[in-house]
Engineer: 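My structure is below; once you've seen it, I'll send some questions.
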Amino acid sequence: MPNSLFSAVETAPVDPILGITESFRADSNPRKVNLTIGVYQNDKGVNPVMSSVKQAEKRWLEEETTKAYLGMAGEPRFGELVRELLLGPENAVEAAKRAVTVQAPGGTGALRVAADFIHTQLPGRGLWISDPTWPNHNGILGSAGLTVKTYPYYDPAAHGMRFDDMRAALEQVPGGDVVLLHACCHNPTGVDPTAAQWAQLAELFQRRALVPFFDFAYQGLADGLDEDARGVRIFAEQGLEMLIANSFSKNFGLYRERVGSLTAVARDTATAERVLSRLKLTVRSNFSNPPAHGGKIVEIVLTTPELRQLWMRELTEVRERIAAMRRLFVETMAKLDVRRNFGFLLAQKGMFSFSGIGREEVLRLRKDYGVYMVENGRINVAAMTTGNMDYLCKSIAAVIGK
């Protein structure tokens with residue numbers, strides 16, 4: 001028989017995060033714990049549907065009258081609401097009509113639209129990402145044909161940010177290059193710039209003519225909706241043009257609905273309209289037009305006062321539970337009198353943290369205790385519960401020693 005058409009196709013390498021979950025599912029340990037996948041869980045270990053989302057969804061199912069395609073940019077009202085969340089109510093950018101938004105399938109889809117736009121409309125420019133960063137940044141941005149380079153960000157010895165090194169490196173980036181910044185809840189480290197540091201970065205970007213590209217996947221999970229947007233808003237207040245990819249997977253819990261958007265802030269209305277025309281063509285050649293269902297849920301929640309208030313309370317509960325699990329983990333490890341101090345986790349924000357647990361220790365935790373985390377020691381704090389905390393901490397203590 002002739003060779004198969006696909007005989008030369010090789011098996012792809014296992015995804016560094018999703019592959020671990022496959023191993024976790026096959027593990028027979030009844031006390032196993034999975035700290036890998038970036039999905040919020042409540043104290044029962046379940047990813048819940050927000051009540052505000054459920055009510056909005058029910059309302060939309062009753063009101064929906066068509067399944068016709070959305071336009072390439074999505075619903076205009078959705079875009080307005082996105083910009084209000086990102087830039088603040090009655091912000092100067094929106095008043096001057098300097099920003100445009102296209103709806104996308106999740107933050108990942110927004111990143112890809114941005115990458116294709118940069119590749120075609122800003123040719124020859126390098127794109128810089130933090131070291132470390134979300135692993136999929138390399139795949140999404142690199143596959144669009146961009147040259148991806150890194151700037152220093154995290155100091156594993158100090159468990160903090162290498163801000164001076166970051167600034168020094170960005171001073172050497174060629175003017176016009178694009179620099180990706182995590183707006184808050186840096187993934188994977190949980191370490192964010194302070195307001196003062198954001199202001200210094202804004203000055204540097206303006207002086208060096210660098211292009212800020214914000215990945216804003218976790219608004220509301222660090223300190224609050226407005227507090228978490230301070231970096232983006234500081235840059236906007238300085239008049240910087242920028243790209244902002246945001247997601248509603250985490251703060252609305254709409255993971256499987258794939259709701260996100262890409263916003264471009266331009267210097268004036270005419271430029272913004274030209275950018276929008278190109279973003280629409282990028283969407284057209286990428287996925288033609290965005291899905292409607294999840295975006296409509298977001299729109300209904302944000303425009304219905306009682307649902308918006310309910311959502312904000314639910315988001316506060318999510319944020320506070322994550323912070324509570326951080327504290328409980330640090331306190332429990334301290335009581336076990338291990339030789340390592342995990343207090344640095346209290347300064348980190350959002351769902352993820354670099355735990356400082358080394359690769360060999362991570363592998364032993366998997367093999368001997370059914371505790372799963374990424375090999376670089378990144379943990380999803382939101383996967384910790386009051387029920388699994390004691391076993392989790394005792395397992396770590398057994399591996400790292402006292």
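What's counted below: heavy atoms across the whole structure, side chains too, no hydrogens, waters or symmetry copies.
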Engineer: Judged by modelled atom types alone, do S261 and N246 share a side-chain donor-acceptor pair under 3.5 Å?
Structural biologist: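 Judged by distance alone, the side chains do pair up.
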Engineer: What heavy-atom pair brings F287 and A104 nearest, and what distance separates the two atoms?
Structural biologist: CZ-CA, 4.0 Å
Engineer: Take K32 and V371 through the test side-chain contact (heavy atoms from CB on, under 4.5 Å) and record every step on the way to the result.
Structural biologist: CA-CA 6 Å; K32 61 186 179 181; V371 173; over 6 Å; no
Engineer: Please answer whether the main-chain N or O of Y369 pairs with a side-chain N or O of N29 as donor and acceptor at a distance below 3.5 Å.
Structural biologist: yes
Engineer: Is it true that a side-chain atom of D390 and a backbone atom of C393 form a donor plus acceptor pair closer than 3.5 Å?
Structural biologist: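 Judged by distance alone, no pair lies under 3.5 Å.
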Engineer: Salt bridge or not for D228 and K349, using N-O below 4.0 Å?
Structural biologist: no
Engineer: Can you find a pair of side-chain heavy atoms, one from D192 and one from H182, that are under 4.5 Å apart?
Structural biologist: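 They are not in contact (no side-chain heavy atoms under 4.5 Å apart), so the answer is no.
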Engineer: Taking the side chain as every heavy atom from C-beta outward, state whether I379 and F352 have any atom pair closer than 4.5 Å.
Structural biologist: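 Not touching, per the 4.5 Å side-chain cut-off.
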Engineer: Passes side-chain contact (heavy atoms from CB on, under 4.5 Å), S143 versus R112? Steps please.
Structural biologist: CA-CA 9 Å; S143 62; R112 181 54 192 246; 2.8 Å; yes
Engineer: Whether R207 and E171 form a salt bridge (side-chain N of Lys/Arg under 4.0 Å from carboxylate O of Asp/Glu) is what I want to check.
Structural biologist: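 A salt bridge is present here (some side-chain N lies under 4.0 Å from a carboxylate O).
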Engineer: ring-ring contact (aromatic ring centres under 6.0 Å, His included) with Y153: which residues, sequence neighbours excluded?
Structural biologist: H186
Engineer: Under 3.5 Å, is there a donor-acceptor pair linking the side chains of S247 and S249?
Structural biologist: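 Yes.
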Engineer: R230 vs D226, test: salt bridge (Lys or Arg N to Asp or Glu O under 4.0 Å). Steps then yes/no.
Structural biologist: CA-CA 7 Å; R230 61 182 166 228; D226 293 324; over 6 Å; no
Engineer: Tell me, do V298 and L254 make a side-chain contact under 4.5 Å, heavy atoms counted?
Structural biologist: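 A side-chain contact under 4.5 Å exists here.
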Engineer: Answer yes when E62 and R59 have at least one side-chain N-carboxylate O distance shorter than 4.0 Å, and no when they do not.
Structural biologist: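 No, this pair does not count.
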Engineer: Considering non-hydrogen atoms only, spot the tightest contact between R319 and L221 and give its length.
Structural biologist: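 Taking every non-hydrogen atom into account, CG-O, 3.6 Å.
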Engineer: With R31, which residues qualify under side-chain hydrogen bond (donor to acceptor under 3.5 Å, both in side chains), at least two apart?
Structural biologist: none
Engineer: So do S395 and L392 actually touch side chain to side chain, heavy atoms under 4.5 Å?
Structural biologist: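 Counting from C-beta outward, L392 and S395 never come under 4.5 Å.
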Engineer: Just by distance, with hydrogens left out, do T282 and D116 show a side-chain donor and acceptor under 3.5 Å apart?
Structural biologist: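 Absent: no donor and acceptor within the cut-off.
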Engineer: So, R340 and E361, do they make that salt bridge, N to O below 4.0 Å?
Structural biologist: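 Salt bridge between R340 and E361, a charged N being under 4.0 Å from a carboxylate O: yes.
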Engineer: Within the 4.5 Å heavy-atom criterion, are T133 and Y151 side-chain neighbours or not?
Structural biologist: no
Engineer: For a quick test of reading the model, state the closest non-hydrogen atom pair linking I322 to V381 and the distance between them.
Structural biologist: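 Nearest pair, atom of I322 first, then V381: O-CG1, 3.6 Å.
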Engineer: Report yes if the side chains of L181 and W198 come closer than 4.5 Å at any heavy-atom pair, otherwise no.
Structural biologist: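 With C-beta onward as the side chain, the pair touches.
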Engineer: Under a 4.0 Å N-O cut-off, is there an ion pair linking R366 with D27?
Structural biologist: no
Engineer: Would you say the side chain of R258 lies within less than 4.5 Å of the side chain of T108, judging by non-hydrogen atoms?
Structural biologist: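 Yes, their side chains come closer than 4.5 Å.
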Engineer: Indicate the atoms forming the closest heavy-atom contact of M333 with F342, along with that distance.
Structural biologist: CE-CE1, 3.8 Å
Engineer: Could you walk me through whether L85 and Q219 pass the side-chain contact (heavy atoms from CB on, under 4.5 Å) check?
Structural biologist: CA-CA 9 Å; L85 280 177; Q219 185 176 7; 4.1 Å; yes
Engineer: Report the relative orientation of the aromatic rings in Y372 and F24; use parallel for angles under 30°, tilted for 30 to 60°, perpendicular for over 60°.
Structural biologist: perpendicular
Engineer: Distance-only, no hydrogens or angles: does the R208 side chain make a donor-acceptor pair with backbone N or O of V173 under 3.5 Å?
Structural biologist: yes
Engineer: Within 45 degrees of the ring normal and closer than 6.0 Å to the centroid, is that where the cationic atom of K250 sits relative to Y40?
Structural biologist: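 No; the conditions do not both hold, so K250 does not lie above the ring face of Y40.
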Engineer: Before you tell me yes or no, could you show the steps for V178 and W128 under side-chain contact (heavy atoms from CB on, under 4.5 Å), namely the whole-Å CA-CA distance, both residues' side-chain angles and the distance that decides it to 0.1 Å?
Structural biologist: CA-CA 6 Å; V178 181; W128 300 75; over 6 Å; no
Engineer: Mind listing the closest non-hydrogen atom pair of P212 and E241 along with its distance?
Structural biologist: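 Smallest interatomic distance, heavy atoms only, reads CD-O, 3.2 Å.
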Engineer: Which one of R313, E306, E314 satisfies the side chain to side chain donor-acceptor pair (under 3.5 Å) criterion with S52?
Structural biologist: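 Going through R313, E306, E314 one by one, the side chain to side chain donor-acceptor pair (under 3.5 Å) with S52 is satisfied by E314 alone.
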Engineer: On a heavy-atom basis, which atom in R98 and which in T269 lie closest, and how many Å separate them?
Structural biologist: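 Looks like CG-N, 4.4 Å.
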Engineer: Give a yes or no answer on whether the side chain of N91 reaches the backbone of G88 with a donor-acceptor pair at less than 3.5 Å.
Structural biologist: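 Here the side-chain-to-backbone pair exists.
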Engineer: Determine, for E375 against R378, whether the closest basic-nitrogen to carboxylate-oxygen distance falls under 4.0 angstrom.
Structural biologist: no
Engineer: By side-chain hydrogen bond (donor to acceptor under 3.5 Å, both in side chains), which residues pair with E94, not counting sequence neighbours?
Structural biologist: R83
Engineer: Using a strict 4.0 Å threshold on nitrogen-to-oxygen distance, state whether R77 and E299 make a salt bridge.
Structural biologist: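 No, R77 and E299 are not salt-bridged.
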Engineer: Counting distance only, does the side-chain N/O of D268 pair as donor-acceptor with the main-chain N or O of T271 below 3.5 Å?
Structural biologist: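 The answer is yes, because a donor-acceptor pair under 3.5 Å joins these two groups.
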Engineer: Is S288 close to V283 at the side-chain level, that is, under 4.5 Å between some pair of heavy atoms?
Structural biologist: no
Engineer: Centroid separation under 6.0 Å, is that true for the rings of F214 and F235?
Structural biologist: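 Here the rings of F214 and F235 have centres that are less than 6.0 Å from each other.
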